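Everything on this sheet refers to the single structure shown next.
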Amino acid sequence: MKQSHFPIDALHWVNAGDQNYWSWIRGSRVLLSADAAPTTAVVLVHGWRGDASTTWEAFPKALRSSPKAHSTDAFFFQYPTTQNGPSFCSGPFRDFLLDVLRHPSTSIVNPSLPRDAAARDALALYDKVIVVAHSMGAAVARRALLDLDSDGLHDTERAKLTLLFFAPAHKGSTLALLVESGLGMEALPGASLVGKALTKFYGSLHELAEGSKFLGDLASDAANARLARLQAGGSIAYLRAFVYHCEDDRTVERGKFDEDHQFVPVMEKNHRKICKPDDVYRTPFNALKKFL
Amino acid sequence: MSTTFSEAALGRIIRCAMGLRDPDSRADGATLLFLAVNDALSSLQAVRAPLPGTTGDSFTARLLSAAALIELGLLSGYLDINELDRESLRGYLLMVRDTAQQAGVPNLTQLQRLLERLDGVRDVPSGSSDSNFHVFESYLSLTSVVLDDDPCRRFLARTSGNWSKDDDLPFLISPRHFAQAVAEGRVGAIEVPEVAGGLSALSYFEWFSDILNRATGNDEFRQGLLDHAVWARDATIVRKRLNTWATEMTGWIEAQHISLDRWDRRLDGVFGPIVDGQSARDSGGAELEYAYGQGVESVDDTLRLEDAEFLLSQGRVGEAQRSVREEVLRLELLLASADFESAIRAAVALANACERLADYGDADSAAAVAARTLPALDSCAAKACNARQ
């Protein structure tokens with residue numbers, strides 16, 4: 001039976017070798033379309049203590065099952081979250097995202113295809129690049145995008161980009177709860193106490209605290225980028241994220257970030273489960289499907 | 001696509017089972033299986049030369065794991081037997097059988113079933129069963145993640161071995177102690193590297209339960225998943241250990257008012273499907289359990305202790321102590337091995353390492369380890385005496 005995608009497998013990124021990122025992105029995965037020239041790339045970025053497989057476990061099924069996704073490649077980017085904050089983590093992700101935009105075939109896709117699979121055209125580019133991020137991943141993705149933008153993205157590249165965030169931590173978070181959720185300690189009697197104690201051990205988290213310098217810079221850089229684009233007469237759509245927040249999520253601050261779209265409320269899900277679709281809870285994938 | 005889905009999937013399965021993650025290990029599945037079998041055979045006959053990119057686990061166990069995954073791939077429709085080179089695969093699997101027999105694995109019914117499917121004696125599902133296709137893909141991802149998570153595997157090994165409630169008390173004294181154990185793998189100078197792994201294990205059990213709940217309509221497939229997930233075989237003990245953590249936490253002053261009801265409900269959901277499935281199973285996964293139980297990891301402590309000696313000669317006393325402490329920890333895990341011979345060798349090596357640690361100036365840690373492992377050492381000594389008589 002012909003499958004729409006190859007088996008999900010390890011992501012091989014050529015530039016990771018040049019930059020010595022291999023051990024850093026270990027665990028990253030790809031789900032590559034069997035089409036000769038897919039039109040869309042979905043890049044998924046997990047949150048604090050998440051990983052490429054666990055956080056996005058249900059997405060391969062959702063992508064395979066939707067005809068709209070058959071011409072879509074998915075990149076499940078993994079990075080270590082406990083040693084470095086989002087300011088540093090955004091660096092390797094920025095390089096990765098740039099390769100998705102400018103050299104997807106030679107830098108990522110062809111090295112990741114199964115052996116003997118037909119290689120993609122070296123010059124092929126995606127029409128759309130959708131960045132899907134959860135929690136801390138949203139801060140990483142947003143920082144990377146702003147840095148790329150200030151380094152000189154082309155208008156055609158800006159037009160391809162869409163940001164889709166689930167429970168983003170870009171407005172700040174309650175660190176103890178972020179730790180509790182990241183470590184999967186829900187319902188453990190001492191979870192909040194341990195979460196609080198752990199914030200002292202994970203210095204990387206402090207960039208995600210409400211009012212941190214990192215988040216302040218992120219907000220002002222986003223506003224400046226938007227104003228600059230407006231003055232230049234360009235579109236700001238690529239800077240305006242589509243956001244989903246869940247009911248009863250005290251982990252992240254749910255205020256509006258710059259000119260993002262009004263958030264969509266998600267009921268009966270917690271901070272960790274908001275990005276995990278299943279046969280009943282279709283919101284995360286339906287949100288993505290709108291852009292495919 | 002010029003390569004078929006099943007050919008690519010076979011490669012993915014073999015890399016997953018053999019723990020191959022190196023960027024260069026992109027050979028096709030059949031070649032990987034051939035290399036792995038050859039390596040396992042030579043490792044039985046001569047000095048072990050691990051396949052590049054593999055970890056130090058039992059090759060035999062990994063080969064059997066690969067074969068079991070192929071079987072599950074066929075049952076779920078993830079692999080289409082008509083897309084595979086059946087003859088080559090059969091040849092390699094016969095070599096796996098020889099390897100396992102040489103390694104002393106007593107019962108190879110699971111492997112035999114797969115060979116019968118390839119021979120056409122046993123039915124192979126035709127076409128893709130949509131639901132179980134995705135279940136298997138998810139299970140493959142889970143298997144990769146578990147194999148790649150050293151702290152989790154350490155937690156599971158310790159829990160399945162000689163874990164006792166008292167072992168965990170040092171990091172359950174207070175939230176601060178628990179936090180340090182999670183973040184740094186130690187409490188003071190006492191190493192407790194598996195605590196963070198315990199929390200990861202909880203999420204993996206949760207994932208596995210979800211997989212089992214979705215694996216419906218094919219009992220053989222569901223049973224095969226339970227048989228293959230050897231890491232989850234001691235679900236009851238893992239639950240007990242995690243429950244110990246929760247109970248001790250309610251003794252913390254700030255957490256005394258917190259009820260365990262929510263936690264109990266969560267654990268019911270996480271472990272229920274696994275424990276129920278395991279209690280209803282036959283002995284189909286015995287060969288994998290046996291192979292893993294052999295714990296063929298080398299007990300040879302020479303290299304690490306030589307490293308420590310070198311560090312000491314450089315005046316790097318702290319690093320030398322740390323190196324020996326790491327060795328001590330590894331040997332403690334081996335001491336819990338089901339294999340008597342390995343346990344005896346580990347006991348002797350552990351005694352030497354503790355002596356070395358005391359010589360290096362860390363007598364406290366040496367004494368703590370000795371106290372902690374004394375019952376196991378006594379038991380080993382008694383068994384050794386009995387064996388000699």
Side-chain angles (χ1 to χ4, degrees), chain A residues 1-3 5-10 12-14 16-17 22 26-27 29 31 34-36 49 51-54 56-58 60-62 64-65 82 111-118 179 182-202 272 276 278-279, chain B residues 1-3 5 7-9 11-13 15 21 23 26-28 77-78 80 127-128 130 133-134 137-138 140-142 144-145 148 174-180 182-184 196 199-200 202-204 206-207 210 214 242 245-250 252 254-255 258-260 262-263 265-267:
Chain A
M1 177 182 169
K2 187 176 181 339
Q3 293 293 333
H5 292 79
F6 289 105
I8 189 164
D9 213 332
H12 295 261
W13 174 28
V14 171
W22 273 128
R26 183 176 158 173
R29 298 268 183 269
L31 182 69
D35 279 5
R49 278 276 299 191
D51 65 67
S53 299
T54 313
W56 309 111
E57 185 267 326
K61 176 184 176 183
R64 283 187 192 283
S65 305
T82 53
S112 301
L113 279 167
R115 191 166 171 258
D116 298 333
V179 171
L183 288 167
M185 294 193 293
E186 296 100 337
L188 190 64
S192 60
L193 300 165
V194 173
K196 200 171 168 187
L198 272 167
T199 59
K200 294 181 175 60
F201 289 93
Y202 294 123
R272 194 159 60 97
K276 293 182 184 298
D278 57 33
D279 289 341
Chain B
M1 52 185 109
S2 55
T3 187
F5 179 89
E7 284 167 347
R12 162 88 171 111
I13 286 170
R15 280 195 301 281
R21 291 171 207 95
R26 297 198 68 76
D28 62 90
Y78 198 75
D80 182 345
S128 170
D130 194 44
F133 175 100
H134 299 297
E137 184 160 65
S138 181
L140 208 51
S141 291
L142 172 61
S144 290
V145 171
D148 205 22
S174 73
R176 186 175 59 77
H177 288 84
F178 193 87
Q180 189 185 18
V182 170
E184 298 181 344
L199 296 174
S200 303
L202 178 61
S203 72
Y204 302 148
E206 196 166 21
W207 185 351
D210 180 51
R214 284 189 277 148
L242 294 173
W245 293 7
T247 307
E248 289 297 320
M249 285 177 179
T250 59
W252 295 346
E254 310 92 322
I258 300 175
S259 152
L260 283 169
R262 269 187 71 216
W263 176 249
R265 278 200 301 276
R266 182 173 176 204
L267 292 195

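In what follows, chains are A, B, ... by sequence order, proteins preceding strands, each numbered from 1. These numbers were taken from a predicted model, which means no experiment stands behind them.
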Is [Y] close to [X] at the side-chain level, that is, under 4.5 Å between some pair of heavy atoms?
{"X": "Ser192(A)", "Y": "Glu254(B)", "value": "no"}
{"X": "Tyr78(B)", "Y": "Pro7(A)", "value": "yes"}
{"X": "Lys61(A)", "Y": "Phe133(B)", "value": "no"}
{"X": "Tyr202(A)", "Y": "Val182(B)", "value": "yes"}
{"X": "Pro189(A)", "Y": "Trp245(B)", "value": "no"}
{"X": "Arg266(B)", "Y": "Leu188(A)", "value": "no"}
{"X": "Val194(A)", "Y": "Arg176(B)", "value": "no"}

Inset, instruction - Look at the side chain of Arg12(B) and the backbone N and O of Ile8(A), then say whether any donor-acceptor pair between them is shorter than 3.5 Å. - result: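 Indeed, once roles are kept as given, a pair shorter than 3.5 Å links the two residues.
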
Legend entry - Residue selection (most heavy-atom pairs with chain A, distance under 4.5 Å) from Ser174(B), Ser259(B), Ala9(B), Pro175(B):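 Heavy-atom pairs under 4.5 Å are most numerous for Pro175(B).
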
Inset, instruction - May I ask you to name which of Ser200(B), Ala183(B), Ser138(B), Ala8(B) has the most heavy-atom pairs under 4.5 Å with chain A? - result: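 Heavy-atom pair counts peak at Ala183(B).
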
Taking all heavy atoms of [X] and all of [Y], pick out the closest pair and write down the distance.
{"X": "Phe6(A)", "Y": "Phe5(B)", "value": "C-CE1, 3.7 Å"}
{"X": "Leu199(B)", "Y": "Leu183(A)", "value": "CB-O, 3.8 Å"}
{"X": "Ala179(B)", "Y": "Leu198(A)", "value": "O-CD2, 3.2 Å"}
{"X": "Gly190(A)", "Y": "Met249(B)", "value": "N-SD, 3.5 Å"}

Inset, instruction - Establish, from distance only, whether the side-chain atoms of Ser141(B) and Glu57(A) form a donor-acceptor pair under 3.5 Å. - result: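 Note: Ser141(B) and Glu57(A) side chains miss the donor-acceptor criterion.
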
Inset, instruction - Flag the one option from Gly184(A), Pro60(A), Gly195(A) with the top tally of heavy-atom pairs under 4.5 Å to chain B. - result: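 Looking at each option in turn, the highest pair count goes to Gly184(A).
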
Looking at [Y] and [X], is any side-chain nitrogen of the basic one under 4.0 Å from a carboxylate oxygen of the acidic one?
{"X": "Arg262(B)", "Y": "Glu186(A)", "result": "no"}
{"X": "Glu206(B)", "Y": "Arg272(A)", "result": "yes"}
{"X": "Asp278(A)", "Y": "Arg214(B)", "result": "no"}

Inset, instruction - Would you please test Met185(A) and Leu202(B) for side-chain contact (heavy atoms from CB on, under 4.5 Å) and show each step? - result: CA-CA 9 Å; Met185(A) 294 193 293; Leu202(B) 178 61; over 6 Å; no

Inset, instruction - With rounding to the nearest 0.5 Å, note down the distance linking CG in Asp9(A) to CD1 in Ile13(B). - result: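 Here the rounded value is 10.5 Å.
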
